[in-house]
Protein chains: 2
Amino acid sequence: MVDITDRKILSILQSNARVSHAEIGEKIGLSTSAVNRRIKILEQDGVISGYAAVLDGKKMGKGASVFVQVTLKTQRKPQLDEFERAVATTPEVVDCFLMTGEMDYLLRVVVQDAADYERVHHETLTQLPGVERVMSQFTIRRVFQKSGL
Amino acid sequence: MVDITDRKILSILQSNARVSHAEIGEKIGLSTSAVNRRIKILEQDGVISGYAAVLDGKKMGKGASVFVQVTLKTQRKPQLDEFERAVATTPEVVDCFLMTGEMDYLLRVVVQDAADYERVHHETLTQLPGVERVMSQFTIRRVFQKSGL
DNA sequence: GTTGAAACGCCTTATAC
DNA sequence: GTATAAGGCGTTTCAAC
């Protein structure tokens, strides 16, 4: 379904979603309308789920990422659902994965600094429903990110 | 520098970078040109660092995320730099953080499935320069992601 | 069925207020 | 910050392969 040409288009769109269809066509050797039609199909199929502005957290006072390992009291479905609903409404949590292994969830929390994280930690994270234990790992620096996946 | 109005604009652009300036203006009660001028300034100041297409990994045969904790043999700057340069060229690694605590780096690796990860693990990750130990944590499901930070 | 070309309409951008 | 005007781009339609 997604062929080589599609992947080239997707690769360009990952690094810059604002390049014109004409410019994409030049780079990969395709006409503007062909590029346009392929992108439209990729959007309809849900391969492209959306377009997002990439922000610089530091310039908004949100320069620190903290990884948070969460263990719940039980692993029963209703409790998982309840936790997931609650954590989704926490603005500082920008990523949430259900995990294998010792911890149940891995979150990435974006805050201003360590003091700001302390606030989020005891005001929000430890108050989420069903939480037994919270383990935090601070990042020093984001080396890179490849947006889009 | 970034006021409430800017934050409203950024919030809209995070969830959908394709809404027109006119539509943003309607939502927050501002004229099209005012929205345009603010966005331009946010781009110039680097608050908005870019725009990216958000892809559905599953539909591209890249549905599984694995978190990888990497410990290096030394923590001296040249070795860190060398590792960072090498890991940046590994296509499966979509995120890389320098960490505090026991491990040196935390990577997020996107692969097709466990078998695919095994390949990346012994062909690439363990071959990166200066790597002493690699610890993998598999995800079951991505609960959500808030794009842009 | 897929590609290339042209007309249309909307969005971005720039100027003036 | 608002209003208006012009240019560029995405969109759509149609013809050709």
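Every chain is numbered from 1 and lettered A, B, ... according to where its sequence line falls, protein lines coming before strand lines.
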Scan Gln145(B), Arg108(B), Arg142(B) and name whichever one has a side chain to side chain donor-acceptor pair (under 3.5 Å) with Asp95(A).
Arg142(B)
Residues touching DNA chain D, which here means a heavy atom under 4.0 Å, drawn from residues 12-29 of chain B:
none
Please say whether more than 12 non-hydrogen atoms of neighbouring residues, nucleotides or ligands are located less than 6.0 Å from CZ in Arg76(B).
no
Rounded distance in Å - CD1 (Ile9(B)) to C1' (dG1(D))
12 Å
From dA5(C), dA14(C), dT12(C), nucleotide with atom closest to Ser33(B) side chain:
dA14(C)
Using a strict 4.0 Å threshold on nitrogen-to-oxygen distance, state whether Asp81(A) and Arg85(A) make a salt bridge.
no
To the nearest Å, give me how far apart CD1 (Ile41(B)) and P (dG1(D)) are.
9 Å
How close or far is atom P of dT12(D) from atom CZ of Arg37(A), stated in whole angstroms?
13 Å
CA sep, side-chain torsions, deciding dist, call: Val111(A), Phe138(A), side-chain contact (heavy atoms from CB on, under 4.5 Å):
CA-CA 11 Å; Val111(A) 292; Phe138(A) 282 74; 5.9 Å; no
Take atom CG of Leu30(B) and atom P of dT12(C), then tell me their distance rounded to the nearest Å.
14 Å
Stepwise, does the side-chain contact (heavy atoms from CB on, under 4.5 Å) test hold for Gln79(B) with Lys73(B)?
CA-CA 9 Å; Gln79(B) 277 72 38; Lys73(B) 288 168 188 158; over 6 Å; no
Just how far, in rounded Å, is P of dG1(D) from CD1 of Ile39(B)?
12 Å
Nearest-Å distance for atom pair NZ/C1', residues Lys40(A) and dT2(C)
16 Å
From CG of Asn36(A) across to P of dG8(D) the rounded distance in Å is 20 Å
With a cut-off of less than 4.0 Å, is there a side-chain N or O of Arg38(A) near OP1 or OP2 of dT2(C)?
no
What's the shortest heavy-atom distance between Thr139(A) and Phe97(B), and which atoms?
CG2-CD2, 3.7 Å
